[in-house]
Amino acid sequence: MGSCLSSTQSAVNPNVISRKRKTLPIDASFKLPAPLPSWPPGEGFGSGIIDLGDGLQVCLLSSFNKVWATHEGGPDNLGASFFEPSQFPQGFSMLGSYSQPNNTLLHGWVLAGRDDTGSALKQPIDYTLVWSSDSLRIKQDGVGYIWLPSPPDGYKAVGHVVTNSPQKPPLGKIHCVRSDLTDQCEFDSWIWGPGKESDPNGFNVYSLLPRNRGTQAMGVCVGTFAAQNTITAPVSLACVKNVVSNLSCMPNRNQIQTIFQAYSPWMYFHPDEQYLPSSVNWYFKNGALLYKKGDESKPVPIESNGSKLPQGGADDDTYWMDLPLDEAAKERVKKGNLQDSQVYLHIKPMLGATFTDIAVWVFYPFNGPSKAKVEFISIPLGKIGEHVGDWEHVTLRINNFNGELWSVYFSEHGGGTWVKASELEFQNGNKAVTYSSLHGHAMYAKPGLVLQGRGGIGIRNDTAKSKKSMDTGTNSLVVAAEYLGTAAVKEPPWLNYFRKWGPKVTYDISEEIKKVDKLLPGKLKSAFDKFIRSLPNEVLGEQGPTGPKMKRNWTGDEV
């Protein structure tokens, strides 16, 4: 789904301030390194059109005509470009224009709509001029005008129209959507504003996402943007909605296998990493123990498939897992077993089932101690950061219109980051490269140092490419795909163990801080102490984590 580009500007506008400029990233379109595979037969996955119900069908367009661009302001002060979609299939209408910052390769899409009943879509009755660049003394290609459609009663606008002329667009240029086929949306990422940063009280352009997102939420992203003179006001646009909860566009079991083989990420571990992943079964077979509150002196071995683990319930500290009691076995199990490692896949609908999320879960028997960077000094943090059991994940987001990888989510210490496919590193075709940080196992898209903190003080997250790596496609197991029905995927017993995968740690943080303070100059001691005490439990490592099913992203969207 590489974005295609042409220009609709036929003349040079006299308000152009700078006609000569350097080449920008957006001047080139992104394409995945390798062609898409042929998808196995199924229902609607990869068919190009999705039926949202009550007469509204949508398709995805990624061919654009550039309408207007600015060359300053916005991310990296490189400006932004504004497009209208082109190459509409028979019967489909424009729902809105597209925009993105100039600091990345062109990689985007918008939905177009088709009305099968005669009432799902209607032309606007007028337009309101939201904003014009006419008075701005900025580097720009002519003058840009952004218009908000005025919908008929009972309809809502889901996108803007952008022109390079002060004349209102034709009423038939765009269509509005019947209100019951729409949902609320919210600002996502900043696309552009006249300054180098978003101004809450000034003009801004933001991408949009449905406000409610999750496996049961049916709001559908249109791919359009919101242009407003203040971001404190309600969003002026809506998104569309899968009103009949149509899941026929989701992949079947054979298609899931093909998708994951095409996009299964490579995972690189730091050359100094001691604590590597393993399969859950390897961990259980090699001496992991289950403890019960009030009976701590009698831990029991865990069956290799976890068949006797407590099922369901709540994270109530009644049970927890721990490493083997024998010291030699404990140290061996801590290090994991990369050759026996396995990733666990959760397949779920997202954005009204127009996308498929594949959460790729990785288990580590042990999370190692952290290191801090205090200005120019790097220091080990003793036991801070250590805990037994560590679950990390990346999530692949696949668009269900054609099966293309759209973005990847990297989990990072209780949070994380979405990275578009155009900004990923790839290896062996369309397989994204991920980097696991030293000891902490946070996931990143690029190697190097990420400092978790501010003011020159923070926890080090060091990543690098090494011979320690894992092709996640070589040993994977689908553990859940609820939309396929309960009989389609047999969930392993350990997935429904809802307690901790490690014990609560009882070390004294004050004592650990004192050990580090001895290594710091006086002026840095108090700043470091304040920083460490502000860290969340996920970083401090005070207790073992819960399993994948207890994470908020199991049924919800990633952050």
Side-chain angles (χ1 to χ4, degrees), residues 13 15-18 24-26 67-84 95-104 108 110 124 126-151 156-166 168-169 174 176 182-213 219 221-239 415 417-418 420 454-455 557 559:
N13 190 294
N15 289 315
V16 171
I17 292 180
S18 176
L24 295 169
I26 199 171
V67 178
W68 175 72
T70 172
H71 303 290
E72 61 182 279
D76 296 334
N77 199 30
L78 291 178
S81 296
F82 295 78
F83 306 86
E84 62 181 34
L95 299 178
S97 299
Y98 174 74
S99 178
Q100 75 169 62
N102 289 336
N103 67 340
T104 59
V110 291
D126 199 0
Y127 292 95
T128 300
L129 181 63
V130 176
W131 179 85
S132 166
S133 68
D134 190 29
S135 62
L136 291 183
R137 300 296 297 172
I138 60 173
K139 298 175 184 177
Q140 57 180 316
D141 295 342
V143 177
Y145 301 83
I146 300 179
W147 305 88
L148 177 66
S150 302
K156 291 185 179 180
V158 297
H160 291 288
V161 177
V162 179
T163 67
N164 49 31
S165 165
K168 288 183 179 181
I174 195 172
C176 303
T182 67
D183 207 351
Q184 291 181 311
C185 59
E186 65 183 12
F187 296 125
D188 181 24
S189 59
W190 186 51
I191 295 174
W192 187 77
K196 297 178 182 179
E197 296 180 352
S198 174
D199 178 2
N201 298 310
F203 177 76
N204 291 281
V205 177
Y206 273 86
S207 62
L208 296 170
L209 279 176
R211 178 176 296 177
N212 298 314
R213 300 186 298 279
C221 181
V222 184
T224 54
F225 63 86
Q228 296 189 189
N229 288 300
T230 173
I231 61 174
T232 58
V235 180
S236 56
L237 299 172
C239 63
T417 304
W418 279 109
K420 291 177 68 174
R454 58 175 181 265
D557 194 7
V559 295

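Values in this document were obtained by computation on a predicted structure and should not be read as measured data.
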Taking the side chain as every heavy atom from C-beta outward, state whether V235 and Q184 have any pair of such atoms under 4.5 Å apart.
-> no
Check against side-chain contact (heavy atoms from CB on, under 4.5 Å), L237 and L148 = CA-CA 9 Å; L237 299 172; L148 177 66; 3.6 Å; yes
From I26 atom CD1 to L78 atom CG, the distance as rounded to the nearest 0.5 Å | 10.5 Å
Correct closest heavy-atom pair for K139 and E72 would be N-OE2, 2.9 Å
Are any of the side-chain heavy atoms of C221 and C239 separated by less than 4.5 Å?
-> no
Quiz: residues 193-201 side-chain donor-acceptor pairs under 3.5 angstrom, not counting sequence neighbours:
residue: S198; atom: OG; partner: N204; partner atom: OD1; Å: 3.2
residue: S198; atom: OG; partner: Y206; partner atom: OH; Å: 2.8
residue: D199; atom: OD1; partner: N201; partner atom: N; Å: 3.1

Between T128 (side chain) and V130 (backbone), is there a donor-acceptor pair under 3.5 Å?
-> no
Rounded to the nearest 0.5 angstrom, the CZ-CH2 distance for F83 and W68 is 12.0 Å
If every non-hydrogen atom of T224 is compared with every non-hydrogen atom of G96, which pair is closest and at what distance?
-> CG2-CA, 3.6 Å
Contact summary for W190 and G74, nearest pair of heavy atoms = CH2-CA, 3.4 Å
Is it true that a side-chain atom of E84 and a backbone atom of V67 form a donor plus acceptor pair closer than 3.5 Å?
-> no
Taking all non-hydrogen atoms of both residues, which atom of C176 and which atom of A157 are closest, and how far apart?
-> SG-CA, 4.3 Å
Shortest non-hydrogen pair, A238 vs T182, comes out as CB-CB, 3.9 Å
So, the side chain of N102 versus the backbone of S81: is there a donor-acceptor pair under 3.5 Å, distance only?
-> yes
Hey, does the side chain of S97 reach the backbone of H160 with a donor-acceptor pair shorter than 3.5 angstrom?
-> yes
Between T163 and S165, is any side-chain donor less than 3.5 angstrom from a side-chain acceptor?
-> no
Can you tell if the side chain of Y127 reaches within under 4.5 Å of the side chain of I174, non-hydrogen atoms only?
-> yes
Does any non-hydrogen side-chain atom of N164 lie less than 4.5 Å from one of F82?
-> no
So which heavy atom on G142 is nearest to which on Q140, and how close?
-> O-OE1, 2.7 Å
CA sep, side-chain torsions, deciding dist, call: F203, L136, side-chain contact (heavy atoms from CB on, under 4.5 Å) | CA-CA 12 Å; F203 177 76; L136 291 183; over 6 Å; no
Please list, chain by chain and in numerical order, all residues satisfying salt bridge (Lys or Arg N to Asp or Glu O under 4.0 Å) with D126, sequence neighbours excluded.
-> K168
Are side-chain heavy atoms of L208 and F187 found at a separation under 4.5 Å?
-> yes
Nearest 0.5 Å please: distance from the CG atom of L209 over to the OG atom of S189.
-> 8.0 Å
